[in-house]
Amino acid sequence: MIVLGLESSCDETAAALVDAEGRVLADVVHSQVKLHAPFGGVVPELAARAHLAAVTAVVREALARAELSLADLSRIAVTTGPGLAGALLVGVSAAKALGFAADLPVVGVDHLHAHLLAVQLLREPDDVPTPFPYVALLVSGGHTGLYRVESPTDATLLGQTRDDAAGEAFDKAAKLLGLGYPGGPRIDRLAALGRAEAHRFPTPLAGREGYEFSFAGLKTALSRHVELHGVPNDEAGLADLAAAYQGAIVRPLVERSLAACEAEGIPRLVLTGGVAANRGLRELAAARASASGVELRVPPLVSCTDNAAMVAYAGLHADLEGSLEVYTRDASRRRGRFGRGGELLSPQRHTSRA
Ligand code: KG4
Ligand code: ZN
């Protein structure tokens with residue numbers, strides 16, 4: 001059984017081939033970062049056009065690298081959401097066309113569900129699967145949530161951000177400080193040189209129980225700081241600010257993840273999503289997990305950031321009769337209660353089945 005995965009939900013056009021064990025046979029990612037960088041964020045219309053230009057080439061490249069043809073495939077898996085509508089439609093249309101041409105079933109995969117399973121991908125000869133169940137902290141540019149992952153088809157949302165995603169908080173801060181896009185890696189690099197105790201940022205939802213996060217207030221605090229004091233004009237000043245800001249994002253992420261491991265009785269934590277690359281997050285998570293007797297698993301960076309191998313893996317187990325309708329928002333958000341600003345009032349525990 002070999003699955004072709006396709007991913008086009010945001011600014012990566014990706015195709016990958018994965019076998020029944022989760023072994024990655026080919027993994028091709030075409031990033032649009034350079035295209036969007038001048039705008040300081042992803043421009044949906046440009047993203048969709050760029051996906052259309054790249055989608056055939058990434059599929060060809062994946063098949064060529066694995067020395068396979070369409071005739072060797074058992075199914076095609078494609079991200080149906082959440083993401084940018086025009087971008088998603090390119091991937092789904094390509095998947096449908098390929099499925100029609102090669103007489104293959106096409107299954108829809110939830111992008112967040114795929115991120116939760118990325119840790120299962122086997123890329124190196126001695127890689128081993130991660131045993132279920134585990135608690136997963138999914139931290140990316142568009143999403144931040146804690147999940148209990150039971151099996152390849154079964155994940156429960158424990159809590160998520162009320163407003164901005166962690167990656168968004170990094171990206172917005174970098175923009176405010178004139179560091180460019182995407183901001184996470186730049187803040188990360190600066191933070192390693194700075195003193196986190198040089199500034200105090202509010203800890204979002206401090207003292208509250210549960211697994212929700214909030215990062216919008218942090219961004220406001222930084223923007224006030226910049227209004228009052230200006231952007232530091234030396235690297236040491238920038239580094240201190242970056243270290244303090246990064247610490248304020250990372251601390252609640254790690255604390256709540258370990259609280260979830262304890263409450264759920266699961267001594268295994270997985271970090272995933274682009275922000276899992278953050279050194280501050282990895283270091284604090286490693287220290288706290290080891291102190292609490294929790295096994296920490298962080299997939300390699302290529303599995304953490306957007307890729308199609310995780311989509312193919314989720315597609316191995318996906319429902320053949322599932323819908324291929326695209327959706328732009330997190331399915332769990334669509335099920336929660338919303339305030340007038342679109343903020344989530346009561347996150348519901350829900351089960352997502354891919
Ligand atoms: O998962 P991803 O590649 O795309 C989605 O959003 O789905 O995540 C991208 C996000 C961006 O917000 C980027 O700034 C952030 O991940 N990021 C980082 C780091 N590397 C990427 N944030 C903090 N530290 C990093 N080293
Ligand atoms: Zn993603």
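This structure is a prediction, so every number in the text was calculated from the model and none was measured. When a ligand or atom number is given, it counts from 1 through the structure's own listing order.
Residue-ligand proximity: G142 is placed with a non-hydrogen atom under 4.0 Å from ligand 1. Using 4.0 Å as the threshold, H115 has a heavy atom nearer than that to some atom of ligand 1.
A donor-acceptor contact under 3.5 angstrom links the side chains of R297 and T130, judged on distance only. For the residue pair N307 / E12, no side-chain donor-acceptor distance below 3.5 Å is found, with atom types taken as modelled. At a cut-off of 3.5 Å, with distance as the only test, no side-chain donor of T153 or H317 sits close to an acceptor on the other residue. Counted by atom type alone, H111 and D306 present one or more donor-acceptor pairs between their side chains at under 3.5 Å. Looking only at atom types and distance, the side chain of S9 has a donor-acceptor partner in the side chain of E7 under 3.5 Å away.
When non-hydrogen atoms are compared, ligand 1 lies under 4.0 Å from the backbone of D306 as well as from its side chain.
Not a single N or O atom of E168, backbone or side chain, sits closer than 3.5 Å to an N or O atom of ligand 1. In terms of N/O distances under 3.5 Å, ligand 1 is approached by G141. Taking only nitrogen or oxygen atoms, main chain and side chain alike, E12 does not reach within less than 3.5 Å of ligand 1. Any N or O atom pair closer than 3.5 Å counts here, and D188 shares at least one such pair with ligand 1.
For the pair OD1 of D306 and NE2 of H111, the angle at the Zn ion (ligand 2) is about 90°; rounding is to 10 degrees.
Nearest protein heavy-atom neighbour of atom 24 (N) of ligand 1: N278 ND2, 2.9 Å. Nearest protein heavy-atom neighbour of atom 15 (C) of ligand 1: V275 CG2, 3.9 Å. Protein heavy atom nearest atom 11 (C) of ligand 1, with residue, atom name and distance: D171 OD2, 3.6 Å. With hydrogens left out, the protein atom closest to atom 22 (N) of ligand 1 is G184 CA, 3.2 Å, a heavy atom.
The nearest pair of heavy atoms linking L121 to D127 is O-OD2, 4.2 Å.
Counting heavy atoms from C-beta outward, E168 and D163 have side chains that stay 4.5 Å or more apart. A 4.5 Å side-chain heavy-atom check between V106 and V78 finds at least one atom pair inside the cut-off.
The side chain to side chain contact (heavy atoms under 4.5 Å, CB included) with V3 is formed by just one residue from the set V107, L316, L25; it is L316.
The Zn ion (ligand 2) has an N, O or S atom of H115 inside 2.8 Å of it.
Across G274, A277, S140, P82, heavy-atom proximity to atom 21 (C) of ligand 1 is greatest for G274.
With ligand atoms numbered from 1 in the order given, ligand 1 contributes 7 (O) to contacts under 4.0 Å with heavy atoms of H111. Residue T305 has at least one heavy-atom neighbour below 4.0 Å for each of these atoms of ligand 1: 3 (O). Below 4.0 Å from some heavy atom of G167 lie the following atoms of ligand 1, by number and element: 12 (O).
Note: H225 and F201 have tilted aromatic rings, judged against thresholds of 30 and 60 degrees for the angle between ring planes.
For H113 (side chain) and P152 (main-chain N/O), a donor-acceptor pair under 3.5 Å exists by modelled atom type.
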